[in-house]
K.L.:
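Following this message is one structure expressed as structure tokens.
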Amino acid sequence: MKLIPYWLDTAEPSGDYRRTPVPDEVDVAVIGAGFTGLSAAVEFANQGASVAVLERHTVGWGASGRNGGMATTGLAIGFNTAVKRYGGTRAVEMFREYNNAIDTIEKLVHNYGIDCDFQRFGKLSLAFHPSHYEGMLKSQEQLAALADYDVITIPKSEIHSEIGSDFYHGAMLDPLGAGLHVGKFAHGLAGAAVAAGAVVCENAAVTELHKVSGTVHDVHTTRGVVRAKQVLVATSGYTGAVTSWLQRRVIPVGSFIIVTEPLPDEVVDRILPNRRQSSDSKMLTYYFRITPDNRLLFGGRARFALSSPDSDVKSGKILRQAMIELFPYLSNVKVDYTWGGLVDLSMDQMVHAGIHDGVFYSLCYSGHGVQMAAHMGKKMVAYMGGDKTANVWEDLKNPPVPGHFGPPWFLPIIGGAAKIIDRIK
């Protein structure tokens, strides 16, 4: 069993950027070589700006290479909650932004010829409790009434048309959800950025941001200092003390994944006959899909802990038992990969993007970062160029997490509360 992400292990690197010199001056310095940073770099470079992407590790090393490979519709808080919190008009605007985000990925794949197995198999949301299915029925009604948007609800009596499990009490299907090989996508973006003139610097951890004036900063890295007219922070769950104001507003939650050995077609057809991108409605959610080479990828918040080799192994064992609980006929299937990564949550589980003290940022994707990160990278280019309408999240309040000044000491408390909620709902 490999303790590395399946996506990064099975993707051909676009290049070796570990010794690429850090330039002296650029128009834009992007911190983080994930989807947000790379998408922004492609757009900036194609507009003629000089741009350097500064990455502590390697391309896609963080959340962009450690997720489930799902580009799915809908907000993390759900449409019903969004309507209650922000009103119907605003909720519809936010909902549609996620659909636009999937379109952004599709356009990037097409425009730059990125071979990453992008396909719109649809998103299957599974009801863990009967009341959750009732909520899905309400969402279906509200989406039709407010957004003129159609989703399909599937009662428990018909659930086997979509999933080979009796674990759930119904489902909601959005046909526009997509899946992709995120390792290949990340390296495809990096290659497109470099081809357009961007500089990608791996093993170049940012150690200090020294403000010169306005948005101009000297960006200190472990491989040199670059002066940038603008800085974009795109570090998601790996946001650290260099940007302490942002760190206090990001809750880094461990999310863990296992990937099985390749499975026979008849077994895959039983698990997910229509190859949907699937997740359930628990607080400690399970999410799963079929990979392009017929493996089952199964992930979740197995433990509210940060990722480490020991933590990943423990979480992998929990996830394997959960997988067997859902699909008992997989009890003898071998697990080939186990890994962990960090999901970047905010207090309100919403995207947050804007500018603070002369530094631009986009993060807090709350488990929906595949599509929204790639989308916001492109959007932030327009926003940083002066188009305020490009950032639909700008007006959201972004309070710090009380008592959060460094390592997330509060994760066990959140995890305990989530377990209780899952038991009683």
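Heavy-atom basis, side chains included; hydrogens, waters and symmetry copies ignored. Fair warning: this is a prediction, and the values are worked out from it, not measured in the lab.
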K.L.:
Which of these, L342, V401, V343, sits in a side-chain contact (heavy atoms from CB on, under 4.5 Å) with I251?
P.N.:
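Single pass found, and it is V401.
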
K.L.:
Sorted by first residue and then second, give each ring-ring contact (aromatic ring centres under 6.0 Å, His included) pair with at least one member in residues 371-401; sequence neighbours left out.
P.N.:
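Output for this query is empty, none listed.
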
K.L.:
Report the residues that fulfil ring-ring contact (aromatic ring centres under 6.0 Å, His included) with F118, sequence neighbours left out, ordered by chain and then residue number.
P.N.:
none

K.L.:
How would you list all residue pairs meeting side-chain hydrogen bond (donor to acceptor under 3.5 Å, both in side chains) that involve residues 29-54, not counting sequence neighbours?
P.N.:
D27-S50, T36-Y365, E43-Q47, E43-K378, N46-Y112

K.L.:
Could you pull out all residues at least two apart from Y337 that satisfy ring-ring contact (aromatic ring centres under 6.0 Å, His included)?
P.N.:
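In terms of ring-ring contact (aromatic ring centres under 6.0 Å, His included), with neighbours along the sequence ignored, Y337 is linked to Y6.
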
K.L.:
Quick check: does any side chain N or O of Y329 sit under 3.5 Å from a backbone N or O of G164, one acting as donor and the other as acceptor?
P.N.:
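Such a contact is found between Y329 side chain and G164 backbone.
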
K.L.:
How many angstroms lie between CD in Q230 and CG in L232, if you round to the nearest 0.5 Å?
P.N.:
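Going from CD on Q230 over to CG on L232, the span is 9.0 Å.
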
K.L.:
Measure the shortest side-chain to side-chain distance between D312 and F256 over non-hydrogen atoms and say whether it is less than 4.5 angstrom.
P.N.:
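Yes, close enough: below the 4.5 Å cut-off.
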
K.L.:
Using only atom types and a distance under 3.5 Å, with no angle test, would you say the side chain of T260 pairs donor to acceptor with the backbone of L296?
P.N.:
yes

K.L.:
Can you measure from CZ (R248) to OG1 (T239) and round to the nearest 0.5 angstrom?
P.N.:
14.5 Å

K.L.:
Decide if the gap between the ring center of F128 and the ring center of Y168 is smaller than 6.0 angstrom.
P.N.:
no

K.L.:
Test of understanding: with salt bridge (Lys or Arg N to Asp or Glu O under 4.0 Å), list the residues that count as partners of R289, not counting sequence neighbours.
P.N.:
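Result, salt bridge (Lys or Arg N to Asp or Glu O under 4.0 Å) vs R289: none returned.
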
K.L.:
For the pair R18 (side chain) and A204 (backbone), establish whether a donor and an acceptor sit closer than 3.5 Å, ignoring hydrogens and angles.
P.N.:
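No, because the side chain of R18 does not come within donor-acceptor range (under 3.5 Å) of the backbone of A204.
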
K.L.:
Hey, could you give me the CG/OG distance between L38 and S64, rounded to the nearest 0.5 Å?
P.N.:
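Here the rounded value is 7.0 Å.
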
K.L.:
How long is the gap from CD on E93 to CG on N100, to the nearest 0.5 Å?
P.N.:
10.0 Å

K.L.:
For the pair K317 and T338, evaluate side-chain hydrogen bond (donor to acceptor under 3.5 Å, both in side chains) and give the outcome as yes or no after the intermediate values.
P.N.:
CA-CA 9 Å; K317 290 178 180 178; T338 297; over 6 Å; no

K.L.:
Taking D344 for its side chain and C364 for its backbone only, find out whether a donor-acceptor pair lies under 3.5 Å.
P.N.:
yes

K.L.:
Who passes side chain to side chain contact (heavy atoms under 4.5 Å, CB included) against D348, sequence neighbours left out?
P.N.:
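With sequence neighbours excluded, D348 shows a side chain to side chain contact (heavy atoms under 4.5 Å, CB included) to R85, Y86, S346, M350, H352, given in chain and number order.
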
K.L.:
Looking at residues at least two apart in the chain, or sitting in another chain, which of them share a ring-ring contact (aromatic ring centres under 6.0 Å, His included) with F95?
P.N.:
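Expected list: F79, Y149.
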
K.L.:
Under the ring-ring contact (aromatic ring centres under 6.0 Å, His included) test, which residues partner F35, sequence neighbours left out?
P.N.:
F185

K.L.:
Nearest heavy-atom pair of A374 and L108: which atoms, and what distance?
P.N.:
CB-CD1, 4.4 Å

K.L.:
Would Y361 and T235 count as a side-chain hydrogen bond (donor to acceptor under 3.5 Å, both in side chains) if you check the C-alpha gap in whole Å, the side-chain angles of each, and the deciding distance to 0.1 Å?
P.N.:
CA-CA 9 Å; Y361 62 90; T235 47; over 6 Å; no

K.L.:
If only side-chain N and O atoms count, and only distance matters, is there a donor-acceptor pair under 3.5 Å linking S278 with K123?
P.N.:
no

K.L.:
For a 4.5 angstrom cut-off between non-hydrogen side-chain atoms, does I290 reach N294?
P.N.:
yes

K.L.:
Is it the case that atom NZ in K388 sees more than 12 heavy atoms from other parts of the structure closer than 6.0 Å?
P.N.:
yes

K.L.:
Under a 3.5 Å distance rule, please check whether S236 uses its side chain to pair with a backbone N or O of Y238 as donor and acceptor.
P.N.:
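Side chain of S236 to backbone of Y238, a donor-acceptor pair under 3.5 Å: no, none is there.
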
K.L.:
Indicate the atoms forming the closest heavy-atom contact of T291 with W7, along with that distance.
P.N.:
CG2-CH2, 4.4 Å

K.L.:
Looking at residues at least two apart in the chain, or sitting in another chain, which of them share a side chain to side chain contact (heavy atoms under 4.5 Å, CB included) with E25?
P.N.:
R227

K.L.:
Check whether any side-chain heavy atom of M323 sits under 4.5 Å from a side-chain heavy atom of L330, and report yes or no.
P.N.:
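Yes, side chains in contact.
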
K.L.:
Is there a donor-acceptor pair under 3.5 Å between the side chain of S366 and the backbone N or O of L345?
P.N.:
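Such a contact is absent between S366 side chain and L345 backbone.
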
K.L.:
Which atom names give the shortest non-hydrogen contact between I102 and A178, and what distance separates them?
P.N.:
CG2-CB, 4.1 Å

K.L.:
Check whether any side-chain heavy atom of V242 lies under 4.5 Å from a side-chain heavy atom of I31, and answer yes or no.
P.N.:
no

K.L.:
Looking at T20 and V200, would you say the former's side chain and the latter's main chain have a donor-acceptor pair under 3.5 Å?
P.N.:
yes

K.L.:
Using the test salt bridge (Lys or Arg N to Asp or Glu O under 4.0 Å), find all partners of D395 that sit at least two apart in sequence or belong to another chain.
P.N.:
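Expected list: R90.
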
K.L.:
Taking the side chain as every heavy atom from C-beta outward, state whether V219 and V26 have any atom pair closer than 4.5 Å.
P.N.:
no

K.L.:
When Y98 is tested against each of T72, D103, L75 for side-chain contact (heavy atoms from CB on, under 4.5 Å), which residue passes?
P.N.:
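Considering T72, D103, L75, a side-chain contact (heavy atoms from CB on, under 4.5 Å) with Y98 is found only for L75.
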
K.L.:
Heavy atoms, side chains only, cut-off 4.5 Å: are I4 and W339 in contact?
P.N.:
no

K.L.:
Taking K282 for its side chain and L284 for its backbone only, find out whether a donor-acceptor pair lies under 3.5 Å.
P.N.:
yes

K.L.:
Is the shortest distance from a Lys or Arg side-chain nitrogen in D174 or R276 to a carboxylate oxygen in the other one below 4.0 Å?
P.N.:
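Looking at R276 together with D174, the answer is no, because their closest N to O distance does not fall below 4.0 Å.
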
K.L.:
Does some side-chain heavy atom of E162 sit less than 4.5 Å from a side-chain heavy atom of L173?
P.N.:
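The answer is yes; the side chains approach within 4.5 Å.
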
K.L.:
Verify, without hydrogens or angle tests, whether R223 (side chain) and E202 (backbone) share a donor-acceptor contact under 3.5 angstrom.
P.N.:
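At least one qualifying donor-acceptor pair exists.
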
K.L.:
So V351 and V392, do their side chains get closer than 4.5 Å, heavy atoms only?
P.N.:
no

K.L.:
Check whether T243 reaches the backbone of L246 with its side chain - one donor and one acceptor, N or O, closer than 3.5 Å.
P.N.:
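No, because the side chain of T243 does not come within donor-acceptor range (under 3.5 Å) of the backbone of L246.
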
K.L.:
How long is the span from the NZ atom in K334 to the CD1 atom in I258, to the nearest 0.5 Å?
P.N.:
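K334 atom NZ to I258 atom CD1 measures 13.5 Å (nearest 0.5 Å).
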
K.L.:
Tell me, with the steps shown, if F327 and F288 meet ring pair (Phe, Tyr, Trp, His ring centres under 6.0 Å).
P.N.:
CA-CA 12 Å; F327 309 107; F288 43 91; 5.7 Å; yes

K.L.:
Of all residues at least two apart in sequence or in a different chain, which pass the salt bridge (Lys or Arg N to Asp or Glu O under 4.0 Å) check with R295?
P.N.:
D293, D336

K.L.:
Can you tell me how far apart CE (M172) and CG (L124) are? Round to the nearest 0.5 Å.
P.N.:
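Output value for this atom pair is 9.5 Å.
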
K.L.:
Got a list of side-chain donor-acceptor pairs under 3.5 Å for residues 54-62, not counting sequence neighbours?
P.N.:
| from | atom 1 | to | atom 2 | distance (Å) |
| --- | --- | --- | --- | --- |
| E55 | OE1 | A33 | N | 2.8 |
| E55 | OE2 | H57 | N | 2.8 |

K.L.:
How far apart are the closest heavy atoms of S125 and M136, and which atoms are they?
P.N.:
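Taking every non-hydrogen atom into account, O-CE, 3.4 Å.
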
